[in-house]
Each structure stands twice: as C-alpha cells, then as structure tokens.
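Below you'll find the structure, written out as structure tokens, and then a few comments.
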Amino acid sequence: MNPTYSIIIPAYNEEEVVAESYARLTRVMQGMGEPYELLFVNDGSRDGTARIIAGFCQGDSAVRLLNFSRNFGHMPAISAGMDYARGQAVIVIDADLQDPPEVLPQMAAKWKEGYHVVYGKRSKRKGESLFKKATAKLFYRLLRAMTDVDLPLDTGEFRLIDRRVCDAVNALPEKNRYIRGLVSWVGFRQIAVEYERQERFAGVTKYPLRKMLAFAMDAIASFSYKPLKLATSLGFIMSLVGFVYMLVVFYQAVFTDRVITGWASTMVVILLSQGIVLMILGIVGEYLGRVYEELKNRPSYIIQEIIGGEHETTDNPLPEPGER
Ligand code: UDP
Ligand code: MG
C-alpha cells in the first residue's frame, strides 16, 4: 500500500537536528492517523547525518533514506525526494525545524478540501539576520516583478502538493530546478497557509552568501528573460546618447571656435561603455552557461544507496537513480 503522505526532508550536515526533526515529525504524523513515509534525502553530508537516519530506518519502516553520492544541493535533493515519493500528498520540509511540522495538519486539511498545492507563507521570520530577511524580501519581490509566472511572495519550499502536481513537476525535463517556481508554473488549485518561520533548531545555515547569490541567479535565469532585455535596452540608450553627443561635437567643431579638449570626458565614456558592454556579455554568459548545462543532460543528482522502507510495496516501480 502506498502511504497517504510522503514527507521529503533534505539534509546536509544536519547531525545536530535530524533526531529532533524525526521525533517531532513522527509525533505530528502519527497524530494525523494516516499512513505516511519520512523520506530523508542526505545530500552528501560529511558528518554523522546518514548514520543517524539509517538508525531510524532500522526501528521504523516509515523511514526511508536516499544517500547522494556527493553534495548536489538543496534543489536536487528535493527533486530526488519528489521522484521517489510514493504518497498521494507530498510534503517538503526543511530538516532544521525552521518550518514547524505542527503546521502539517492545517495543510492536510486544505488538501482534503480539494486544493492541489498548499504552500507555507512566512508571516514572520524568527532568528534570522536582518541582512538575510532584507535580501530575501527584496529577492522575492524582484523575481516576481521580472516574470509572468504568478510566484507567491515570501514562500520557500515548505509546502504540500498533490500527487498530480508532483507528477507534473517531475515530468518537466529541465535539470536546473527552482522548484517553488515550477510548482507555481504548473498551476492547479493553490492556496497559502501562513506560519511563523522559526529559529534554526541547531547548527548553522547551509546557505552562505555565495550559495544564496547563485540560487537567486538560478531562479531569475530560469524564470525571466528580463536581464537579457535590459541588455538590449541599455544598448539602445547608450547608442542614442552617443549619437546625440556626436551631433553636439560636430556642431561645436564646425560652427563654434570652442576648443575641444575633453580627455577626461573621453575616458569616462570609454570606461563606462566598456563596463556596460562587459556586464551585458556577462548576462548573456549566464544564460549561455545554463543552456550548456541543460544540453549536457547530466542527471541533477546521483544516488549512492537507498536504505529502509523494505516492508513497503509499491505499484509503480521506482525510477532508476537520476533517470530524469
Ligand atoms: N540543504 C541541502 N543541501 C544543501 C544545502 C542545504 O540539502 O546543499 C538542506 C538543509 O539541510 C536544510 C534545507 O536544505 O534542511 C535548508 O537549508 P538551510 O536551513 O541551511 O537554509 P536557510 O534556512 O538558512 O535558508
Ligand atoms: Mg534553515
């Protein structure tokens, strides 16, 4: 029998929190009284995360563990979870308990009302730096302004999706996955549930500034062409300004006796225009690089081993690792 609920929990170096998340998730899910599975995806942790979760698998057939062959990233970990989930409703939740499991019954209730996607909307973020809160706020608004897809604001990966939505997203061929965006993109009946984002239970964030920037660029590049259009507009504006200035210079040279010195202004124009040209090349490069990534068609993750869940049987055979 396939479970009603699959909970996907990506974990990267989370040895300090997985025991607590397992305990709290189990308590909440047992309280809901329907079959469930906890699908931990160990994203190449270098600490004891895998060992601890493998321990849960021994005593509890509701737990399954996918071990990645290395660290592939948060989005690939969720993709793997979605590929292997067997439930009728699939829930994604962070391992660090920033998304409180106690919200799950509320999400499930909305699902039973007939909604296909119930996403958690952060009404408040506790225990995160002012910088993170501000950049996150800015990022969600910028991204929304740049794309035609109806992306909800202040929404992370914490959500419940129906089997149909999960299958629709899994069927998309792209490798570079901004999952919350893809879930919006596929449509269906969507609704928000507000919650307060908690402090991390223990440990430190696995999203340092460098990863956050890469993540933002991925999201923008996969949902918007605006930066490329911006490049075109800038090019036009600069040509126009250059043309007008050329007329002015021409006029001065022919009709006035003002001496044209202007070494400084020439340098400014050259530096500025070179800077803009390089920036535009860079933007084009960002997209080109992503096209190349997709073209190479490498799997977005590789699974080293699957532990637990042997007692469950399934109608649909599991996909081969990285089949997509
Ligand atoms: N995570 C992951 N792979 C990574 C980075 C993060 O699986 O390369 C997981 C991490 O273990 C956590 C979730 O993604 O369960 C969110 O990460 P984190 O809490 O560090 O991000 P933050 O909440 O600080 O944005
Ligand atoms: Mg977190």
Side-chain angles (χ1 to χ4, degrees), residues 6-25 38-53 56 63-85 90-101 103-104 119-140 143 153-159 175-180 195-219 300-304:
S6 292
I7 325 283
I8 299 171
I9 313 138
Y12 175 50
N13 292 343
E14 302 284 12
E15 63 180 1
E16 290 164 277
V17 304
V18 282
E20 182 69 13
S21 10
Y22 168 66
R24 258 172 76 184
L25 279 167
L38 300 183
L39 186 50
F40 284 91
V41 184
N42 166 33
D43 184 12
S45 300
R46 275 181 292 262
D47 63 359
T49 303
R51 187 175 35 78
I52 298 171
I53 300 171
F56 306 148
V63 185
R64 261 198 303 164
L65 168 63
L66 308 182
N67 264 326
F68 276 9
S69 60
R70 65 169 169 85
N71 179 241
F72 280 90
H74 188 194
M75 293 298 125
I78 296 174
S79 298
M82 287 171 65
D83 284 340
Y84 283 80
V90 176
I91 296 162
V92 179
I93 190 167
D94 281 357
D96 60 3
L97 293 168
Q98 283 197 283
D99 310 326
V103 180
L104 295 184
Y119 56 89
K121 193 169 159 66
R122 301 154 177 176
S123 59
K124 236 193 216 158
R125 303 174 72 123
K126 287 191 195 164
E128 288 180 308
S129 68
L130 213 62
F131 178 74
K132 173 118 185 181
K133 284 188 213 176
T135 47
K137 249 199 148 64
L138 182 73
F139 164 69
Y140 289 123
L143 182 60
L153 292 170
D154 304 320
T155 301
E157 292 307 333
F158 185 34
R159 64 163 59 77
K175 309 278 175 194
N176 190 346
R177 297 177 149 241
Y178 180 60
I179 294 171
R180 57 195 87 161
Y195 75 103
E196 284 190 7
R197 187 144 164 98
Q198 306 295 311
E199 235 170 288
R200 205 174 218 289
F201 175 72
V204 292
T205 178
K206 308 302 178 303
Y207 268 102
L209 186 62
R210 178 182 51 80
K211 268 199 204 171
M212 251 164 67
L213 287 176
F215 180 71
M217 192 59 224
D218 271 346
S300 50
Y301 60 85
I302 294 172
I303 291 181
Q304 186 175 308

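Since this is a predicted model, take the numbers as computed values, not measurements. Atoms within each ligand, like the ligands themselves, are counted from 1 in listed order.
Here the closest non-hydrogen pair linking Tyr195 and Gln98 is CE1-O, 4.1 Å.
For a threshold of 3.5 Å applied to N or O pairs, the pair formed by Val204 and ligand 1 contains no separation below that value. Any N or O atom pair closer than 3.5 Å counts here, and Ala95 shares at least one such pair with ligand 1.
Summary of contacts: the protein heavy atom closest to atom 13 (C) of ligand 1 is Asp94 OD1, 3.6 Å. Among protein heavy atoms, the minimum distance from atom 4 (C) of ligand 1 is reached at Asp43 OD2, 3.4 Å. Protein heavy atom nearest atom 25 (O) of ligand 1, with residue, atom name and distance: Lys132 NZ, 2.7 Å. The protein heavy atom nearest to atom 17 (O) of ligand 1 is Tyr207 CD1, 3.9 Å. When only non-hydrogen protein atoms are considered, atom 5 (C) of ligand 1 lies nearest to Lys206 CB, 3.6 Å. Of the protein's heavy atoms, Arg200 NH2, 3.6 Å lies nearest to atom 18 (P) of ligand 1. Of the protein's heavy atoms, Pro10 O, 2.8 Å lies nearest to atom 15 (O) of ligand 1. In this structure, atom 10 (C) of ligand 1 lies nearest to the protein heavy atom Glu14 OE2, 3.2 Å.
Phe215 has its ring centre no less than 6.0 Å from the ring centre of His74.
Taking every non-hydrogen atom of Gly73 and a distance limit under 4.0 Å, the qualifying atoms of ligand 1 come out as 3 (N), 8 (O). Close approach of ligand 1 to Lys211 (heavy-atom distance below 4.0 Å) involves ligand atoms 4 (C), 5 (C), 8 (O). Interface of Gln98 with ligand 1, defined as ligand atoms under 4.0 Å from a residue heavy atom, comprises 19 (O), 22 (P), 23 (O).
Judged by distance alone, with hydrogens and angles left aside, the side-chain atoms of Lys121 form no donor-acceptor pair with the main-chain N or O of Asp154 at under 3.5 Å. Of the possible polar contacts, one joining the Asn13 side chain to the Arg46 backbone as a donor-acceptor pair under 3.5 Å is found. For Arg180 (side chain) and Tyr119 (main-chain N/O), no donor-acceptor pair under 3.5 Å exists by modelled atom type.
Residue-environment remark: NZ (Lys137) stays at or below the threshold of 12 foreign heavy atoms within 6.0 Å.
Among the atoms of Tyr207, none of the N, O or S atoms falls under 2.8 Å from the Mg ion (ligand 2).
Ring orientation note: the planes of Tyr178 and Phe139 are nearly perpendicular, at an angle over 60° on the 30°/60° scale.
At a heavy-atom cutoff of 4.0 Å, ligand 1 is contacted by the side chain of Arg197 but not by its backbone. Of the heavy atoms in Asn71, only side-chain atoms (C-beta onward) come closer than 4.0 Å to ligand 1.
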Decide side chain to side chain contact (heavy atoms under 4.5 Å, CB included) for Ile179 and Glu157; before the verdict, give the C-alpha distance in whole Å, the side-chain angles of both, and the deciding distance to 0.1 Å. CA-CA 7 Å; Ile179 294 171; Glu157 292 307 333; 3.8 Å; yes

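Ion pair Asp94/Arg197 flagged as a salt bridge, since at least one NZ, NE, NH1 or NH2 atom sits closer than 4.0 Å to an Asp/Glu carboxylate oxygen.
Restricting Asp96 to its N, O or S atoms, the one at the least distance from the Mg ion (ligand 2) is OD2.
To the nearest 0.5 Å, atoms CG (Leu25) and CD (Glu20) are separated by 10.0 Å. Once rounded to the nearest 0.5 Å, the distance linking CZ of Arg70 with CD1 of Ile302 reads 7.0 Å.
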